[in-house]
Amino acid sequence: MSECLRIGALAPDFTMQGFWRDDVHTFRLSDYRSKWVVVFFYPGDFTFVCPTELEDLAKQYETFTKLNVEILAVSTDSVYVHKAWKGQSPAIGQVVFPMLSDSLHIVSKKYGVYSKEEGTALRGTFLIDEGGILRTMEIHDNGIGRSVGELLRKVQAAQYVSAHPGTVCPASWQPGDETLVPSVDIVDKI
């Protein structure tokens, strides 16, 4: 894992080319400082599990945007491969969020998801708040698809805790569920 990644610290900034709205654009993480951002690394275009994840994200994209969250999907493929994939795959044709290209592997290495053996990114999900602070991160094996429902729950929990300092969300917390306020006495004993 990259030494610069730490929950509660500023997420590493980046600038990448991406395919979005049928064209190539430049994206900087720091340009999203007024939004929450999910940086969603995936191994590659034209694969088996990746389109299921991106399609699931696309189906929930409106829910994320209502929560002031932008999705930035990142693979090591070029923007032109992203364009071809979007044009050929019905699942990826639904994607309306930017698909960024880390073809030089710089950002994948910064975020600790680069697999030297495969030359691609592992499945990594990073939630960054509107101030650029890293709130959650998850990296796992490329054979295991992620749950967009669980990602949405994590976003909602992180936003709740951010808006209600001193509270914590218990396991499996959902919006509307009870939260906890840790006792200072108990916290000091832990």
Side-chain angles (χ1 to χ4, degrees), residues 2 5 11-116 118-130 132 134 136-140 142-149 151-152 154-155:
S2 174
L5 285 181
D13 199 7
F14 56 75
T15 301
M16 280 189 275
Q17 294 293 302
F19 186 72
W20 180 56
R21 296 185 177 167
D22 298 321
D23 206 356
V24 176
H25 301 270
T26 299
F27 295 88
R28 287 176 196 78
L29 179 61
S30 56
D31 289 344
Y32 292 92
R33 284 288 164 87
S34 62
K35 293 181 173 280
W36 288 71
V37 179
V38 170
V39 181
F40 195 85
F41 288 93
Y42 65 97
D45 299 351
F46 296 100
T47 57
F48 299 102
V49 177
C50 298
T52 65
E53 292 183 318
L54 295 182
E55 180 181 28
D56 204 13
L57 272 173
K59 288 177 179 176
Q60 293 293 328
Y61 183 66
E62 187 176 329
T63 303
F64 282 100
T65 60
K66 286 179 182 176
L67 293 171
N68 194 36
V69 177
E70 185 54 66
I71 306 290
L72 299 175
V74 182
S75 84
T76 56
D77 293 300
S78 75
V79 291
Y80 304 105
V81 175
H82 292 334
K83 179 180 180 179
W85 195 31
K86 189 164 173 57
Q88 291 184 359
S89 168
I92 301 308
Q94 299 174 53
V95 171
V96 294
F97 45 82
M99 297 170 64
L100 307 186
S101 171
D102 185 28
S103 59
L104 298 177
H105 312 150
I106 294 167
V107 180
S108 299
K109 289 176 181 175
K110 275 186 183 180
Y111 278 77
V113 298
Y114 182 67
S115 170
K116 185 177 179 181
E118 296 180 25
T120 62
L122 295 168
R123 296 187 194 286
T125 311
F126 300 84
L127 176 60
I128 301 162
D129 72 16
E130 66 276 331
L134 182 61
T136 71
M137 62 181 160
E138 175 182 34
I139 302 170
H140 55 92
N142 282 340
I144 304 168
R146 290 164 279 188
S147 167
V148 173
L151 175 57
L152 181 59
K154 287 179 184 178
V155 166

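Residues take their numbers from the sequence shown, with the count starting at 1.
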Apply the test side chain to side chain contact (heavy atoms under 4.5 Å, CB included) to residues Val49 and Asn142: give CA-CA distance (whole Å), side-chain angles for both, the deciding distance (0.1 Å), then the verdict. CA-CA 8 Å; Val49 177; Asn142 282 340; over 6 Å; no

Minimum-distance pair of heavy atoms, taken over all atoms of Lys86 and Gly93: NZ-O, 3.3 Å

Quick check: does any side chain N or O of Trp20 sit under 3.5 Å from a backbone N or O of Met99, one acting as donor and the other as acceptor? no

Counting distance only, does the side-chain N/O of Lys83 pair as donor-acceptor with the main-chain N or O of Phe19 below 3.5 Å? no

Atom CD of Glu53 and atom OG of Ser147: how far apart are they, to the nearest 0.5 Å? 10.0 Å

Which atom names give the shortest non-hydrogen contact between Leu29 and Ala11, and what distance separates them? CD2-CB, 4.2 Å

Check whether any side-chain heavy atom of Leu151 lies under 4.5 Å from a side-chain heavy atom of Gln60, and answer yes or no. no

Do Pro43 and Arg123 make a side-chain contact, defined as non-hydrogen atoms from C-beta onward lying under 4.5 Å apart? yes

Side-chain contact, heavy-atom cut-off 4.5 Å: Thr15 with Thr26? yes

Could you measure the distance from the NZ atom of Lys35 to the CD1 atom of Ile71? Nearest 0.5 Å is fine. 10.5 Å

Under the ring pair (Phe, Tyr, Trp, His ring centres under 6.0 Å) rule, collect the residues that match up with Phe41, sequence neighbours excluded. Tyr111, Phe126

Using side chain to side chain contact (heavy atoms under 4.5 Å, CB included), reason through Val38 and Thr125 one step at a time and then give a plain yes or no. CA-CA 7 Å; Val38 170; Thr125 311; 4.0 Å; yes

Mind listing the closest non-hydrogen atom pair of His105 and Gly119 along with its distance? NE2-O, 3.5 Å

Report yes if some heavy atom in the side chain of Tyr42 is under 4.5 Å from a heavy atom in the side chain of Arg146; otherwise report no. yes

With Lys66 via salt bridge (Lys or Arg N to Asp or Glu O under 4.0 Å) - residues at least two apart: Glu62

Cys50 and Trp85: side chain to side chain contact (heavy atoms under 4.5 Å, CB included), yes or no, with the steps? CA-CA 11 Å; Cys50 298; Trp85 195 31; 4.1 Å; yes

Could you pull out the closest heavy-atom pair between Leu100 and Phe27, with the gap in Å? CD2-CD1, 3.2 Å

Can you measure from OG1 (Thr52) to CG (Leu54) and round to the nearest 0.5 angstrom? 8.0 Å

Indicate whether the side chain of Glu70 and that of Thr65 have a donor and an acceptor atom separated by less than 3.5 Å. no

Tell me every residue that passes salt bridge (Lys or Arg N to Asp or Glu O under 4.0 Å) with Lys59, counting only those two or more places apart in sequence or in another chain. Glu55

Does a donor on one side chain and an acceptor on the other come within less than 3.5 Å for His82 and Asp45? yes

Side chains of Leu67 and Leu152 in contact at under 4.5 Å (non-hydrogen atoms): yes

So, the side chain of Lys110 versus the backbone of Asp13: is there a donor-acceptor pair under 3.5 Å, distance only? yes

Tell me the closest heavy-atom pair linking Phe14 and Val107, and the distance in Å. CB-CG2, 3.5 Å

Do you know which two heavy atoms are closest between Thr76 and Thr120, and how far apart they sit? OG1-CA, 3.7 Å

Rounded to the nearest 0.5 Å, what's the gap from OG on Ser78 to CD on Gln17? Could you check? 11.0 Å

Check whether any side-chain heavy atom of Pro12 lies under 4.5 Å from a side-chain heavy atom of Leu5, and answer yes or no. yes

Is there side-chain contact between Asp77 and Phe46, with heavy atoms separated by less than 4.5 Å? no

